[in-house]
Undergrad: 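One structure coming up, written as structure tokens, with questions to follow.
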Amino acid sequence: MSVFILLLVLVIVVFAVKDIRISLISRPAFKFFKKVLPPLSQTEREAMEAGDVWWDGELFSGNPDWKVLHSYPKPELSKKECAFLDNEVETLLAMLDDYQIVQKDKDLPKEVWDYLKVNGFFAMIIPEKFGGRQFSAIANSTIVAKIATKSLTAAVTVMVPNSLGPGELLLHYGTKEQQERWLPTLATGEDVPCFALTGPEAGSDAGSIPDSGVVCKGEFNGEEVIGLRLNWSKRYITLAPVATVLGLAFKMYDPECLLGKEKELGITCALIPTDHEGVKIGERHYPLNMAFMNGTTYGKDVFIPLEWIIGGQQGAGRGWRMLVECLSAGRGISLPALSSATGHLCSRMTSAYAVVRQQFGVSIGQFEGVQEALARIGGLTYSLESCRLMTAGAIDLKLSPSVVTAIAKYHMTEMGRTVMNDAMDIHSGKGIQVGPNNYLAHGYMGIPVSITVEGANILTRNLMIFGQGATRCHPFVLKEMEAAGMEDDELALKQFDGLLLQHIIFASTNAGMAFVHGLTRSYFAKSPVSGATTNYYKQLGRMSRGLAFCTDVAMLILGGELKRKEMISARLGDVLSHLYIASTVLKRFEDEGRQQADLAFVQYSVERNLFEIGQAFDGFFKNFSNPFVNFLLKRIVFPLGNHYHRPSDNIAQTICEHMTKPGVFRNRLTHLCYVDDNAGTGVMEQAFAAMNDTADAFKRIKKWQREGVLNRNASVEVVIDEAVEKQLITEQEGRRLQDANELRKQAIAVDNFAKGTL
């Protein structure tokens, strides 16, 4: 006992006496930290510093304050935004024939282009004083999602000018003169923008772009001025084939020091009219059969004045910072909107098809294999919409949460892919026959396009989510890195010492609480609510502790190597991501008044997130480099084992019951899905309603067939007539059944084409 007390006193003295602590703990740790500190390129540093830490910081803290989550305002549309959806958007959707657009014309009709321009679809983010709509992020997202349920081509065409593009960059960084010159014409559609970043040799690694702008003297408007001689070659540029103004990213050089002492100024963005001498709009791309405009642009020795740099001369070298911050906003609005649209469309149409389509005399929705896939569609759709709402809501709080938007981009596009694959599996042959009545085919083709935008998902998961998250969201790491980079070593050591002490307390607390919560199954963890979702908050809080502790251990042991151990870091990123997605689900459930009908969807979503968190931790423990540390980490985070499981079959079947019945809940789940009465979606909905209305009568028909009262082998039409003849049903009932059956046959039919017409 005396030995233990002596050791305890020794530890207290070492940590309590500053000089002793610095000599024995902080100085060696500081040297070690500087040694293992991962090297950061300039582009990485700017990306790390860009954007805001938001709810992701709470999740990384190990002790998220759920009251803070609930305090965020519920994202809602204004009256003018609702009116735009009910009028202009509805009118647009009625104008769109997506089969004609994609398979025949390979473009939007002229009248649609004109309608988009005249009615401000390209001006949603532009302030009213410049003639724009000045809509919120949630309105922007909702409008794009609604359009995407009818036409992905139209949605992308609307999406791009309102996300990453000249408009966004001008609003945040443009000079007053640039804003007054360009924003009014962008708002009216007189000018159509595109933004050129990606080239043949540089995609996600923007720091390696070979495109250059060299400061020199040249002639502009008859005068000799200082400007830039540009050379570029870009591809995959959406709207490039029809653009009148080109946003261009390039590396800026000043070899003659005409602007100052710096010869390499870094990535810069400029705005150039496409009719400017030397600007070339090249050939068009055709991304996976989608008809939205996408293509190439290039230029050789194109001279522009310095005033065309976004932000003027002050914007020189600031392009990467601009792009990272604006990409964050785009990731939080555009791609989540497309993914959520996939969920709305697939949930509504697949639930209807599961009722309408029959095999072995019953609706396929009664087969448990189909129910498993349909429940996954419904559960993921609830998650998708929850994530869309909360992420766009963050942008409306005037935040640019780069980690959160990277999570939304990666996981929502992947969830959208899963939803679409399940919908295609259930639709089977109907899903693969392209034609005017196929409402899934173009979305299925477009899914991989979303996944490649703004960096392929592999990069987003392996580098961006955890790479930025671990540094930006951690309460101490970024500050410690800044201390390590200070030139005055003694001053840096003093600053590092204070941070290190806090960091040790932080890590120890998380380790201890993670272990206690693991032993008690989070019984004593905090929750802001009572009832069915109480335990979910407790479990997520427990996993937040585990994430914070495992992150500290990984960074301590691997140091700079963690940057290259992408399989390891990505799993910790998955934990953070599923903590965030589950948070959005619980937030939505509270915002919408804890609707009882939603509970099964909440349970499915959060239990799936917890299961994925458990799987990510298992992969992390099994593959961490040090076996002893593996064992120790697992016993701290899961002392009684990992007991998270996939959602139960009962929850899945409850979801299917809600989805396959007409009513308020199904309408709320799929409220963004546009149903066209003159196309396949309208026919399917009519058949769905008719089959539900006549379900009891058809059950009686089946019963009489089994009993031998009616012919067992005759067609449905003949059996209905037989039931009328035998006065088992009235003539009116017979007509209703025949009409419902006719609608059913129309709904499950696929498009056929005469030879030579395709």
Side-chain angles (χ1 to χ4, degrees), residues 41-43 45-46 164-166 168-170 172-182 185 191 193-203 205-237 240 243-282 295-324 326:
S41 65
Q42 181 62 27
T43 54
R45 185 174 296 279
E46 289 183 0
L164 175 64
E168 179 86 5
L169 293 169
L170 283 169
H172 289 88
Y173 309 104
T175 64
K176 181 180 179 182
E177 292 76 17
Q178 288 172 338
Q179 291 177 345
E180 290 175 348
R181 160 64 185 89
W182 289 110
T185 55
D191 279 306
C194 71
F195 190 85
L197 173 62
T198 303
E201 299 292 340
D205 181 13
S208 67
I209 59 175
D211 314 288
S212 64
V214 178
V215 180
C216 62
K217 293 180 179 180
E219 186 175 317
F220 181 73
N221 287 341
E223 297 180 9
E224 184 180 72
V225 298
I226 295 177
L228 291 165
R229 186 75 59 189
L230 296 170
N231 288 276
W232 75 89
S233 176
K234 305 286 190 179
R235 66 180 181 184
Y236 308 153
I237 311 306
T244 62
V245 56
L246 169 69
L248 183 70
F250 55 90
K251 283 185 176 177
M252 185 170 169
Y253 303 93
D254 186 8
E256 298 178 24
C257 296
L258 296 176
L259 302 180
K261 296 180 180 179
E262 293 288 332
K263 292 189 176 183
E264 295 187 10
L265 286 84
I267 296 175
T268 302
C269 298
L271 209 55
I272 310 167
T274 56
D275 62 1
H276 183 62
E277 184 179 358
V279 176
K280 303 293 183 183
I281 299 298
T296 61
T297 175
Y298 52 93
K300 184 176 181 180
D301 294 332
V302 177
F303 183 80
I304 67 168
L306 290 177
E307 303 91 79
W308 287 7
I309 295 174
I310 295 177
Q313 189 173 330
Q314 297 299 315
R318 297 184 60 211
W320 182 235
R321 181 72 177 247
M322 295 178 185
L323 292 172
V324 170
C326 288

Undergrad: Rounded to the nearest 0.5 Å, what's the gap from CG on L169 to CG on L323? Could you check?
TA: 6.0 Å
Undergrad: Can you tell me how far the CD1 atom of I237 sits from the CG atom of L248, to the nearest 0.5 Å?
TA: 9.0 Å
Undergrad: Rounded to the nearest 0.5 Å, how far does CD1 of I310 lie from NE2 of H172?
TA: 12.5 Å
Undergrad: Do the side chain of T198 and the main chain of A196 share a donor and acceptor less than 3.5 angstrom apart?
TA: no
Undergrad: As an exercise, state the distance from CG of L265 to CZ of R318, rounded to the nearest 0.5 Å.
TA: 13.0 Å
Undergrad: Quick one: side chain to side chain contact (heavy atoms under 4.5 Å, CB included) partners of Q314, sequence neighbours excluded?
TA: none
Undergrad: Got a donor-acceptor contact below 3.5 angstrom from the Q178 side chain to the I309 backbone?
TA: yes
Undergrad: Go through the structure and list residues passing side chain to side chain contact (heavy atoms under 4.5 Å, CB included) with D301, not counting sequence neighbours.
TA: R229, N231
Undergrad: Applying side-chain hydrogen bond (donor to acceptor under 3.5 Å, both in side chains), can you list everything that pairs with T297, at least two apart in sequence or on another chain?
TA: W232
Undergrad: Write down the atom of C269, the atom of F250, and the distance for their closest heavy-atom approach.
TA: C-CE2, 4.4 Å
Undergrad: Using the salt bridge (charged side-chain N to carboxylate O under 4.0 Å, His left out) criterion, which residues pair with D211? Sequence neighbours excluded.
TA: K234
Undergrad: For G312 and T175, work out which heavy atoms get closest and say how close.
TA: N-CG2, 3.6 Å
Undergrad: Return a table of donor-acceptor pairs under 3.5 angstrom between the side chains of residues 270-280 and protein atoms on other chains or two or more places apart.
TA:
from : atom 1 : to   : atom 2 : distance (Å)
T274 : OG1    : A243 : O      : 3.0
T274 : OG1    : T244 : O      : 3.2
H276 : NE2    : F303 : O      : 2.7

Undergrad: Run the side-chain hydrogen bond (donor to acceptor under 3.5 Å, both in side chains) test against Y173 and tell me which residues pass, sequence neighbours left out.
TA: E325
Undergrad: Kindly compute the distance separating CG (L230) from CD1 (I304), expressed to the nearest 0.5 Å.
TA: 4.5 Å
Undergrad: Can you name the closest pair of heavy atoms from L246 and C194 and give their distance?
TA: CD1-SG, 3.6 Å
Undergrad: Provide the closest heavy-atom pair for P200 versus S233 in the form atom of the first, atom of the second, distance.
TA: CD-O, 3.4 Å
Undergrad: For Y298, check ring-ring contact (aromatic ring centres under 6.0 Å, His included) against everything at least two apart and list the hits.
TA: none
Undergrad: Suppose we screen for side chain to side chain contact (heavy atoms under 4.5 Å, CB included). Which residues come up paired with T185, at least two apart in sequence or across chains?
TA: R181, W182, E190, D191
Undergrad: Heavy-atom distance under 4.5 Å between the side chains of M252 and L259, does that happen here?
TA: yes
Undergrad: What I'd like to find out is whether the side chain of W308 reaches to under 4.5 Å of the side chain of L228, using heavy atoms alone.
TA: no
Undergrad: Give me the atom names and distance for the closest heavy-atom approach of G199 to R235.
TA: O-NE, 3.9 Å
Undergrad: Going from NZ on K217 to CD on E256, what distance comes out if it is rounded to the nearest 0.5 angstrom?
TA: 8.5 Å
Undergrad: Holding to side chain to side chain contact (heavy atoms under 4.5 Å, CB included), I want the full list of residues that pass it with E180, two or more places apart in sequence or in another chain.
TA: F130, K176
Undergrad: Specify the closest pair of heavy atoms between D254 and G260, including all atoms of both residues, with the distance to one decimal.
TA: OD2-N, 3.8 Å
